[in-house]
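See below for the structure under consideration.
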Amino acid sequence: MIDLHCHILPDVDDGPSDLEGALAMARVAAADGIHKLAATPHVPYSGLDRAQIAARVAAFQEEIDRAGIDLRLYVGADAATSIGAEALAAHPLHDGPYQLIEFPHTHLPADAGELVFELLNRGRVPIITHPERNPSVLRSPDLIGELVAAGALVQITAESLTGGFGPESRACGRHLLRNGWVHLLASDGHSADWRPPVLSKGLKVAGRVIGKAAALKLVVDNPAKILAGEGL
Ligand SMILES: [Fe+2]
């Protein structure tokens with residue numbers, strides 16, 4: 001499996017505080033069957049620019065290899081929409097046209113559609129992170145349908161489907177799945193024990209909602225195409 005949203009880098013934003021914690025996360029991911037993973041620090045919260053994220057990823061990859069863990073890292077970012085389309089465009093997932101965008105945790109801004117449009121116009125394909133945890137979406141899930149119709153993709157958090165973010169996010173995640181508005185399942189992992197990089201449990205639930213083959217696409221086929229820069 002491939003996890004395209006994870007805060008795994010040591011001593012970066014609210015991920016693991018040290019190398020041991022980061023390696024513990026890498027071991028959890030590999031044990032769960034995740035062998036490719038995008039390191040996606042918060043931007044701008046981490047204070048890192050693209051080159052600095054890439055350097056941290058390369059350094060941590062060396063540690064992962066030295067520890068004998070079967071995990072390949074890719075450069076990404078969990079970029080806040082508040083920085084605007086131009087700054088967002090500097091933070092692709094790997095080197096392709098796709099990128100994670102994070103709306104404020106409190107609401108979906110009125111100009112969300114405009115931002116999606118602006119990114120698409122720049123040749124960027126925005127992937128909206130965990131909308132099932134956003135209060136505006138919990139009230140009106142169809143807002144996500146509109147953004148998907150406009151060309152955005154959607155990533156939901158695996159742990160939402162297993163109830164880790166409460167019954168409302170769980171129900172909303174299932175609703176988005178049933179409507180075909182979900183393109184990726186990711187861990188949004190932050191540590192080896194609290195929000196670990198685990199996809200298998202969420203995959204099981206997704207399989208019950210949309211069928212096993214469709215669920216597998218969210219953790220295997222779609223993320224592979226995204227890393228390769230191919231259309232879904
Ligand atoms: Fe995140």
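Reckoned from all heavy atoms, side chains included, excluding hydrogens, waters and symmetry mates. Whatever order the structure lists them in is the order used to number ligands and atoms, beginning at 1. Along the sequence shown, residues carry numbers from 1.
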#### Entry: Protein N/O/S atoms closer than 2.8 Å to the Fe ion (ligand 1)
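Only H5 NE2, H7 NE2, D78 OD2, D188 OD1 fall inside 2.8 Å of the Fe ion (ligand 1).
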### Query
Using 30° and 60° as the class limits, which term best fits the ring planes of H94 and Y74: parallel, tilted or perpendicular?
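The arrangement is perpendicular - the two ring planes meet at more than 60°.
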### Minimum side-chain heavy-atom gap R72-L37 below 4.5 Å
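In short, these two side chains do not touch, never coming nearer than 4.5 Å.
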### Query
Quick one: are Q99 and T40 in side-chain contact, heavy atoms under 4.5 Å?
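No, too far: nothing below the 4.5 Å cut-off.
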### Message
Ignoring hydrogens and geometry beyond distance, is a side-chain donor-acceptor pair present between D193 and S191 at under 3.5 Å?
### Response
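Yes, a side-chain donor-acceptor pair sits under 3.5 Å.
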### Residues D70 and K36 bridged, charged N to O under 4.0 Å
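No, this pair does not count.
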Review item, side-chain donor-acceptor pairs of residues 100-115, under 3.5 Å, at least two apart:
residue: E102; atom: OE2; partner: H105; partner atom: NE2; Å: 3.0
residue: E102; atom: OE2; partner: H130; partner atom: NE2; Å: 3.3

